[in-house]
Amino acid sequence: MKKVFALVDCNNFYVSCERVFNPSLEREPVAVLSNNDGCVVARSNEVKAIGVKMGVPVFKVRDLVAAYGVQIYSSNYTLYGDMSRRVMRTLSQFSPEMEVYSIDEAFLDLSGFAGRNLTEYGRLIHDTVRRWTGIPVSVGIGRTKTLAKVANHIAKKSSRAGGVLDLTDSPYLGHALESMRVIDVWGVGPGFAKKLRNCGIETARQLRDADDKWILKTLGVVGLRSVYELRERVCYGLETCPPVNKGIASTRSFGKPVESLEQLSESVASYTCRAAEKLRRQNLAAGVITVFVMTNLFSDKQRRYFNSETVELPVATSDTSELLNYALAAVRKIYRKGYRFKKAGVLLDSLVDQHKVQGNLFDSVDRSRSRKIMQVFDRINSLMEPDTIRYPAIGLGQPWKTRFQRRSPRYTTRWDELLSVRAV
DNA sequence: TCTGGGGTCCTAGGACCC
DNA sequence: TCTGGGGTCCTAGGACCC
């Protein structure tokens with residue numbers, strides 16, 4: 001049976017989340033910033049129209065922001081994560097097989113619906129998500145994931161499509177590919193696009209029709225797969241259960257530069273706690289921990305420094321206090337006086353199933369006891385607020401904490417931040 | 001002054017082994 | 001004088017994604 005994939009993608013997702021709870025932002029220019037209020041990571045159509053590019057540092061567009069009265073918000077991941085769950089729950093009703101691809105996108109397997117009018121079905125999905133969650137989405141339908149992406153891209157831009165486009169067995173497919181720049185094809189980034197442009201390949205259609213051997217030589221097997229997918233040959237199936245993580249990272253920029261070992265250690269301790277929580281949520285244990293610290297690498301004026309330390313653990317663990325010991329020893333080792341640190345992070349690798357940890361003859365830790373302690377620890381923090389119980393190593397004042405100066409309320413997950421409505 | 005965070009996969013080259 | 005070849009594993013770096 002020939003496959004049919006749909007890609008459902010939330011429009012300007014973070015901005016749309018803000019608008020659901022603050023309708024006065026509708027039709028206003030709105031942008032949402034990355035961590036530490038650094039870069040623009042979500043833009044309303046009005047902001048796109050005035051030329052603010054994705055990922056630009058906000059200080060570089062300050063004039064545009066002022067001139068057009070752009071409303072700026074910090075990231076509110078608690079809110080976006082919760083809204084994402086609502087959207088995904090809604091989508092799951094429309095297909096037996098779904099892959100949650102990112103916080104704002106999901107692929108649906110619609111192969112079983114091939115006899116129906118897929119555009120109408122896409123319209124139903126589109127309208128239902130809007131009605132049930134308030135979030136506007138676009139629906140693209142194609143014979144491969146890459147073509148569903150193509151359809152989605154056009155659905156989002158074309159006013160005629162109205163947010164839904166079906167490109168399965170469509171006489172319009174060739175034209176659609178011709179209208180699409182090669183850089184907008186899923187799997188083609190700036191590096192590939194440059195190589196292609198140098199050889200005169202500008203559109204998705206030219207890429208589809210390129211010579212296999214040449215593609216393999218120039219872009220490798222990854223590039224060739226994308227080309228096959230443009231030709232309706234499925235290379236990427238639906239991944240319905242999320243694969244187990246191979247690594248876990250927790251890294252952050254500081255709200256203001258850190259110079260002392262004490263504060264640097266506090267931040268690393270705090271990132272270690274977060275990484276360890278992620279580890280336990282997936283029932284994993286880490287065999288390797290890496291700590292890195294760095295100054296501002298953009299600045300030419302300040303002295304720059306980057307260093308990292310990797311430690312192989314004698315026995316893989318998910319115990320926070322054990323990981324803290326290694327992390328804090330590592331940060332002491334790579335800390336240098338006299339630098340203004342801007343960022344630090346903790347990476348956990350060699351992850352294994354917590355219940356299949358290879359023991360060590362000289363291991364002196366009571367692991368079943370430590371596991372029980374961590375279970376209670378996580379339970380309390382999930383029932384109460386995060387960090388209700390915490391390790392003293394993460395400090396109290398945390399002056400280095402990442403900036404979120406313009407964050408909206410966490411409307412859907414905190415009683416004290418509920419939306420209030422007044423009837424007049 | 002001010003530049004995010006968290007992932008995946010592939011490949012080339014070196015080390016090592018027989 | 002004549003100095004192999006093939007396989008595996010690991011790592012760093014580069015590409016991509018959101």
Atom [atom1] of [X] and atom [atom2] of [N]: how far apart are they, to the nearest Å?
{"X": "A:Y236", "N": "C:dC17", "atom1": "OH", "atom2": "C1'", "value": "11 Å"}
{"X": "A:F59", "N": "B:dG4", "atom1": "CZ", "atom2": "C1'", "value": "13 Å"}
{"X": "A:L219", "N": "C:dC17", "atom1": "CG", "atom2": "P", "value": "12 Å"}
{"X": "A:D37", "N": "B:dG4", "atom1": "CG", "atom2": "P", "value": "12 Å"}
{"X": "A:Y80", "N": "C:dC18", "atom1": "OH", "atom2": "P", "value": "19 Å"}
{"X": "A:N35", "N": "B:dG6", "atom1": "CG", "atom2": "P", "value": "7 Å"}
{"X": "A:R407", "N": "B:dG4", "atom1": "CZ", "atom2": "C1'", "value": "15 Å"}
{"X": "A:R304", "N": "B:dT3", "atom1": "CZ", "atom2": "P", "value": "13 Å"}

Original post:
Is A:D212 salt-bridged to A:R231, going by a charged N under 4.0 Å from an acidic O?
Top reply: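 Yes, this pair counts.
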Original post:
Any ion pair linking A:K3 and A:E97 (charged N to carboxylate O, less than 4.0 Å)?
Top reply: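 Salt bridge: no.
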Where the side chain of [X] is concerned, which of [options] is the nearest nucleotide?
{"X": "A:R62", "options": "B:dG7, B:dT3, B:dT1", "value": "B:dT1"}
{"X": "A:P57", "options": "B:dT3, B:dG6, C:dC17", "value": "B:dT3"}
{"X": "A:W186", "options": "B:dG4, B:dG6, C:dC18", "value": "C:dC18"}
{"X": "A:F192", "options": "C:dA15, B:dT3, B:dG7", "value": "C:dA15"}

Would you tell me if any nitrogen or oxygen in the side chain of [X] comes within less than 4.0 Å of OP1 or OP2 on [N]?
{"X": "A:K342", "N": "B:dC2", "answer": "no"}
{"X": "A:K195", "N": "C:dA15", "answer": "no"}
{"X": "A:T251", "N": "B:dG6", "answer": "yes"}
{"X": "A:N245", "N": "B:dG7", "answer": "yes"}
{"X": "A:S253", "N": "B:dG5", "answer": "yes"}

Original post:
Any side-chain heavy atom of A:I135 within less than 4.5 Å of one from A:R86?
Top reply: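 Counting from C-beta outward, A:I135 and A:R86 never come under 4.5 Å.
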**OP:** For the residue pair A:I201 and A:W214, establish whether any side-chain heavy-atom pair is separated by less than 4.5 Å.
**Re:**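 Touching, per the 4.5 Å side-chain cut-off.
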Tell me whether the count of non-hydrogen atoms from other residues, nucleotides or ligands lying under 6.0 Å of [atom1] in [X] goes above 12.
{"X": "A:R336", "atom1": "CZ", "value": "yes"}
{"X": "A:K278", "atom1": "NZ", "value": "yes"}
{"X": "A:R181", "atom1": "CZ", "value": "no"}

When all nucleic acid strands are considered with a 4.0 Å heavy-atom cut-off, which category describes [X]: base, sugar-phosphate, or nothing?
{"X": "A:P190", "value": "sugar-phosphate"}
{"X": "A:G247", "value": "sugar-phosphate"}
{"X": "A:V56", "value": "nothing"}
{"X": "A:V185", "value": "sugar-phosphate"}
{"X": "A:R252", "value": "sugar-phosphate"}
{"X": "A:S75", "value": "nothing"}
{"X": "A:L297", "value": "nothing"}
{"X": "A:K145", "value": "nothing"}

**OP:** Flag the pair A:Y271 / A:F292 as yes when their ring centroid distance falls below 6.0 Å, and as no otherwise.
**Re:**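 Ring-ring flag for A:Y271/A:F292: false, centres at least 6.0 Å apart.
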Original post:
Between A:F107 and A:W186, is the gap from one ring center to the other below 6.0 Å?
Top reply: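 Yes, they do, as the ring centres are separated by less than 6.0 Å.
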Report all interatomic pairs (protein N or O, nucleotide N or O of nucleotides 9-11 of chain B) with separations under 3.5 Å.
| from | atom 1 | to | atom 2 | distance (Å) |
| --- | --- | --- | --- | --- |
| B:dC9 | OP2 | A:K246 | NZ | 2.9 |
| B:dC10 | OP1 | A:R225 | NH1 | 3.2 |
| B:dC10 | OP1 | A:R225 | NH2 | 3.2 |

Original post:
Would you call the rings of A:Y339 and A:Y305 parallel, tilted or perpendicular, where under 30° means parallel and over 60° means perpendicular?
Top reply: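 If you compare the ring of A:Y339 with that of A:Y305, the planes turn out parallel.
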Subject >> Test item: A:D319 side-chain N/O and A:E322 main-chain N/O as donor-acceptor pair under 3.5 Å >> reply: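 Side chain of A:D319 to backbone of A:E322: a pair is present.
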Original post:
Can you give the dot-bracket line for DNA chain B, using ( ) for pairs inside the strand, [ ] for pairs that cross earlier ones, | for pairs with another strand and . for unpaired bases, where Watson-Crick and G-U count if both distances are under 3.5 Å?
Top reply: ....||||||||||||||
Original post:
How do A:G38 and A:A249 order along DNA chain B: which one's closest nucleotide is nearer the 5' end?
Top reply: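 Its nearest nucleotide being more 5', the pick is A:G38.
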Original post:
Mind checking the C1' distance from B:dC17 to C:dG4? Whole angstroms is fine.
Top reply: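 Per the computed distance, 14 Å lies between those C1' atoms.
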